[in-house]
Asks: 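The following block contains the structure, expressed as structure tokens.
Values in this document were obtained by computation on a predicted structure and should not be read as measured data. Side chains are part of it too, since the values below use all heavy atoms of this structure and drop only hydrogens, waters and symmetry mates.
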Amino acid sequence: MFDPTDALFLARLQFAFTVSFHFIFPAFSIGLASYLAVLEALWLKTGKQHYLDLFKYWLKIFAVAFAMGVVSGIVMSYQFGTNWSVFSDKAGPVIGPLMAYEVLTAFFLEAGFLGVMLFGMNKVGKKLHFFATLMVASGTFVSAFWILSVNSWMQTPVGFEMGANGQFLPGPSWWDIVFNPSFPYRLVHTVTAAYLTTAFVVGAVGAWHLLKDRTSQHARTMFSMAMWMAALVAPVQIFLGDMHGLNTLEHQPAKVMAMEGHYRSHPDGAPLILFGIPDSTAREVKYALEVPKLSSLILKHEWDAPLAGLDTIPLEDQPPVGTVFWAFRIMVGIGFAMLGLGLWSLWARWRGKLYEMPWLHRAAIVMGPSGFVAVIAGWVTTEVGRQPWTVNGLLRTADSASPLDAPAVATSLLAFILVYFTVFGIGTWYLLRLMKAPPKSGEVGVKRGESGPVRTAGITPGFDQMTGPKE
């Protein structure tokens, strides 16, 4: 429950609030950077104008989303020194270098080529500009690599030695720290989620404009590409999620127990609880709708395989079951909804009616923000499921916070809420406004030195020759 007098709770709430805002922008920009690289590659290969139009259309959106992601990330990182100084002191020798690697590789890579990508299409050659786009896309992936390595080490800490003052010190091999047991699964699952998040935004925008003009080549291309991603990648993501879950069962069993709602052990096969109301006081899931033994089949691949429950974990080491239980179901439910929309689009494509089914297009619009909800739900499952630890099994959250008074944390939390909703609310409104406008031939581009977008086609000498044949 909300306790305005608890500095620890307020510090956790502040970090959760700022991370939630921050996470939605990288989740979008990682996939959008790769989508831009695909669009530019298709334009260079085919010379078709609508690919270039779409590239410039989404480039403006990427620029705004990328900027908001950078700003929100910088603000969030300060909390390590303000609200979580004990954690920073103890875990800094391990996580500090990893986060520095993120700056030295990903951030410098993105910053070095972002200007060329945004402003250089009419100033450099086609190949150099495409190379810059690839480098920005690569930079977003490298950034995710290092940040997820840090987070995964906190989930499954290995490769360290304990110092005399309680610090975590790097062991003889940094590779053990970087490629900790949960990292490969978390990296692939999270990056794939980012690609799906972007695909459903692109699909929603394409569907919106298809409802207004079914003949639009731009809208058709966006919608078709997004639905291919939904149909092909959503089932892969479900499989990757299952693999990640099995890894979590091995290294963080309490988290999986909370996800499954297993308050008690099941020696002869555990049921899969589809829905219910977790009651941590009564130690049961009330009104449970369950499938007998299915959880054992999924997690152990045997109907009668025994599964331990939270009754094997000390009460003080158990995560909050209700939050983890429902966050996990929201994530999984959205994943299957994505799969359903992808299969629906395959059926429509097979019938030759992909662009002529308004209800499919309306469903795609509804599913547009689903990726953001899924990644936040997944983050809540991962982070709340790790509680009560910051470094799993070794450093408690209660022992990681700075010695601050509750009024100081509450004041900064209120300031964050006001500023974030104002600044990022306006930014999100502007993004939606950009998406509402249809792409056009000779699309508005980003030009340096202007307060707003200006048309670049036909202004700069030699640019029209660079864009390829008009359709």
Asks: Should Phe28 and Phe66 count as side-chain neighbours, where that means a heavy-atom distance under 4.5 Å?
Replies: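 No, every pair of side-chain atoms sits at 4.5 Å or beyond.
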Asks: For the pair Ser224 and Arg349, evaluate side-chain hydrogen bond (donor to acceptor under 3.5 Å, both in side chains) and give the outcome as yes or no after the intermediate values.
Replies: CA-CA 9 Å; Ser224 177; Arg349 196 185 298 271; 2.9 Å; yes
Asks: Side chains of Ser280 and Tyr263: donor-acceptor distance under 3.5 Å anywhere?
Replies: yes
Asks: For Ile273 and Leu289, run side chain to side chain contact (heavy atoms under 4.5 Å, CB included): C-alpha distance rounded to whole Å, both residues' side-chain angles, the deciding distance at 0.1 Å, then the answer.
Replies: CA-CA 6 Å; Ile273 302 174; Leu289 175 62; over 6 Å; no
Asks: Look up atom OG1 in Thr382 and atom CZ in Phe328, then write down how far apart they are to the nearest 0.5 Å.
Replies: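 Rounded to the nearest 0.5 Å, the OG1-CZ separation comes to 10.5 Å.
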Asks: Please report the shortest heavy-atom distance between Ser88 and Phe80, naming the atom on each side.
Replies: OG-O, 2.6 Å
Asks: What distance do Asp242 atom CG and Phe239 atom CZ have between them, rounded to the nearest 0.5 Å?
Replies: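 One gets 7.0 Å once the value is rounded to the nearest 0.5 Å.
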Asks: Work out which heavy atom in Ser296 is nearest to a heavy atom in Ala305; give both atom names and the distance.
Replies: OG-O, 2.7 Å
Asks: Salt bridge or not for Arg264 and Asp311, using N-O below 4.0 Å?
Replies: no
Asks: Could you tell me which non-hydrogen atom of Pro358 sits nearest to which non-hydrogen atom of Arg214, and how far apart they are?
Replies: CG-NH2, 3.3 Å
Asks: Below 6.0 angstrom between ring centroids: does that apply to Phe23 and Phe372?
Replies: no
Asks: Of all the heavy-atom pairs spanning Ser345 and Leu354, show the shortest one and how long it is.
Replies: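 That closest heavy-atom pairing would be O-CD1, 3.8 Å.
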Asks: Would you say the side-chain atoms of Asn83 pair up with the backbone N or O of Arg12, donor to acceptor, closer than 3.5 Å?
Replies: no
Asks: When you check the side-chain N and O atoms of Thr397 and Gln387, is any donor under 3.5 Å from an acceptor?
Replies: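 Their side chains do contain a donor-acceptor pair, which is all the 3.5 Å distance test asks for.
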Asks: Within 45° of the six-membered ring axis of Trp58 and under 6.0 Å from that ring's centre, is NZ or CZ of Lys60 located there?
Replies: no
Asks: Regarding Ser182 and Gln155, is there a side-chain donor-to-acceptor distance under 3.5 Å anywhere?
Replies: no
Asks: Could you walk me through whether Ser143 and Glu110 satisfy the side-chain hydrogen bond (donor to acceptor under 3.5 Å, both in side chains) test, starting with their C-alpha distance in whole Å, then the side-chain angles of each, then the deciding distance to 0.1 Å, before giving a yes or no?
Replies: CA-CA 9 Å; Ser143 178; Glu110 293 166 337; 5.0 Å; no
Asks: Just by distance, no angles: are the side chains of Gln217 and Thr221 close enough, under 3.5 Å, to form a donor-acceptor pair?
Replies: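 Judged by distance alone, the side chains do pair up.
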Asks: Side chains of Trp350 and Leu346: closer than 4.5 Å at any heavy-atom pair?
Replies: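 In short, these two side chains do not touch, never coming nearer than 4.5 Å.
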Asks: Return the orientation label for the Tyr57 and His209 ring planes: parallel under 30°, perpendicular over 60°, tilted otherwise.
Replies: perpendicular
Asks: Would Tyr420 and Phe17 satisfy ring pair (Phe, Tyr, Trp, His ring centres under 6.0 Å), going step by step from the backbone distance to the final call?
Replies: CA-CA 9 Å; Tyr420 269 52; Phe17 175 79; 5.7 Å; yes
Asks: Are the aromatic rings of Phe55 and Tyr51 close, with centres under 6.0 Å apart?
Replies: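 No - the distance between ring centres of Phe55 and Tyr51 does not fall below the 6.0 Å cut-off.
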Asks: Any sub-3.5 Å donor-acceptor pair from Thr197's side-chain atoms to Ala193's backbone N or O?
Replies: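 Checking the backbone N and O of Ala193 against the side chain of Thr197, a donor-acceptor pair under 3.5 Å is found.
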Asks: Test side chain to side chain contact (heavy atoms under 4.5 Å, CB included) on Met338 and Val233; report intermediate values, then the result.
Replies: CA-CA 9 Å; Met338 289 177 170; Val233 179; over 6 Å; no
Asks: Looking at Phe275, is its backbone amide N or carbonyl O close enough to the side chain of Arg329 to form a donor-acceptor pair, meaning the two atoms are under 3.5 Å apart?
Replies: no
Asks: I'd like to know if the side chain of His189 and the backbone of Pro184 have a donor-acceptor N/O pair within less than 3.5 Å.
Replies: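 Judged by distance alone, no pair lies under 3.5 Å.
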Asks: Short question: side chain of Thr18, backbone of Phe15 - any donor-acceptor pair under 3.5 Å?
Replies: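 Yes; at least one donor-acceptor contact below 3.5 Å.
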Asks: Can a donor-acceptor pair be found, under 3.5 Å and without considering hydrogens, that links the side chain of Lys293 to the backbone of Asp268?
Replies: yes
Asks: Return the CE to CG distance between Met227 and Leu343, rounded to the nearest 0.5 Å.
Replies: 11.5 Å
Asks: Are side-chain N/O atoms of Thr190 and Arg186 paired as donor and acceptor at under 3.5 Å?
Replies: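 Absent: no donor and acceptor within the cut-off.
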Asks: Say whether Thr156 and Asn180, considering side chains only, have a donor N or O and an acceptor N or O under 3.5 Å apart.
Replies: yes
Asks: Look at the side chain of His262 and the backbone N and O of Ala308, then say whether any donor-acceptor pair between them is shorter than 3.5 Å.
Replies: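 No.
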Asks: For Ser370 and Met367, indicate whether the former's side chain and the latter's backbone hold a donor-acceptor pair under 3.5 Å.
Replies: yes
Asks: Just so I know, are the side chains of Phe223 and Val202 near enough to count as touching, which here means a heavy-atom distance under 4.5 Å?
Replies: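 No, side chains not in contact.
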Asks: Are any side-chain N or O atoms of Ser34 and backbone N or O atoms of Ala137, one a donor and one an acceptor, separated by less than 3.5 Å?
Replies: no
Asks: Out of curiosity, Thr140 OG1 to Leu114 CG, how far, rounded to the nearest 0.5 Å?
Replies: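 It comes to 11.0 Å.
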Asks: Verify ring pair (Phe, Tyr, Trp, His ring centres under 6.0 Å) between Phe421 and Phe21, making sure each step is shown before the conclusion.
Replies: CA-CA 9 Å; Phe421 275 109; Phe21 258 92; 5.4 Å; yes
Asks: For a 4.5 angstrom cut-off between non-hydrogen side-chain atoms, does Val285 reach Glu290?
Replies: no
Asks: Please test Tyr35 against Phe62 for ring pair (Phe, Tyr, Trp, His ring centres under 6.0 Å), starting from the C-alpha separation and ending with a verdict.
Replies: CA-CA 10 Å; Tyr35 181 56; Phe62 172 81; over 10 Å; no
Asks: Determine, step by step, whether Ile24 and Trp379 satisfy the side chain to side chain contact (heavy atoms under 4.5 Å, CB included) criterion, reporting the C-alpha distance in whole Å, the side-chain angles of both residues, the deciding distance to 0.1 Å, and the verdict.
Replies: CA-CA 11 Å; Ile24 61 177; Trp379 173 80; over 6 Å; no
Asks: Set out, in order, the CA-CA distance, both residues' side-chain angles and the distance that settles side chain to side chain contact (heavy atoms under 4.5 Å, CB included) for Val158 and Ile177, then state yes or no.
Replies: CA-CA 6 Å; Val158 294; Ile177 295 174; 5.9 Å; no
Asks: Above 12 or not: heavy atoms from other molecules or residues under 6.0 Å from CE of Met162?
Replies: yes
Asks: Do side-chain atoms of Ser85 reach the backbone of Gly81 as a donor and acceptor pair under 3.5 angstrom?
Replies: no
Asks: Are side-chain heavy atoms of Leu307 and Ser265 found at a separation under 4.5 Å?
Replies: no
Asks: Taking the basic N atoms (NZ, or NE/NH1/NH2) and the acidic carboxylate oxygens, is any pair closer than 4.0 Å for Asp317 and Arg396?
Replies: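 Between Arg396 and Asp317 there is a salt bridge, with a charged N closer than 4.0 Å to a carboxylate O.
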Asks: For the atom pair CZ (Phe325) and CE (Met259), what is the distance rounded to the nearest 0.5 Å?
Replies: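 If I round to the nearest 0.5 Å, the distance is 11.0 Å.
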Asks: What I'd like to find out is whether the side chain of Leu394 reaches to under 4.5 Å of the side chain of Phe160, using heavy atoms alone.
Replies: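 Yes, close enough: below the 4.5 Å cut-off.
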Asks: With rounding to the nearest 0.5 Å, note down the distance linking NE2 in His301 to CD1 in Ile298.
Replies: 9.5 Å
Asks: Using a 4.5 Å cut-off on heavy atoms from C-beta on, say whether the side chain of Trp389 contacts that of Leu395.
Replies: no
Asks: Considering all heavy atoms of both residues, which atom of Val256 and which atom of Thr248 are nearest to each other, and what is their separation?
Replies: CG2-CG2, 3.7 Å
Asks: I would like to know whether Ser402 and Trp84 meet side-chain hydrogen bond (donor to acceptor under 3.5 Å, both in side chains); could you show each step before the answer?
Replies: CA-CA 5 Å; Ser402 302; Trp84 303 100; over 6 Å; no
Asks: Could you tell me whether the side chain of Asn151 reaches within less than 4.5 Å of the side chain of Arg386, counting heavy atoms only?
Replies: yes
Asks: Heavy atoms only: give me the nearest Met331-Ala374 pair and the separation to one decimal.
Replies: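 Between these two residues, the closest heavy atoms are CG-O, 3.9 Å.
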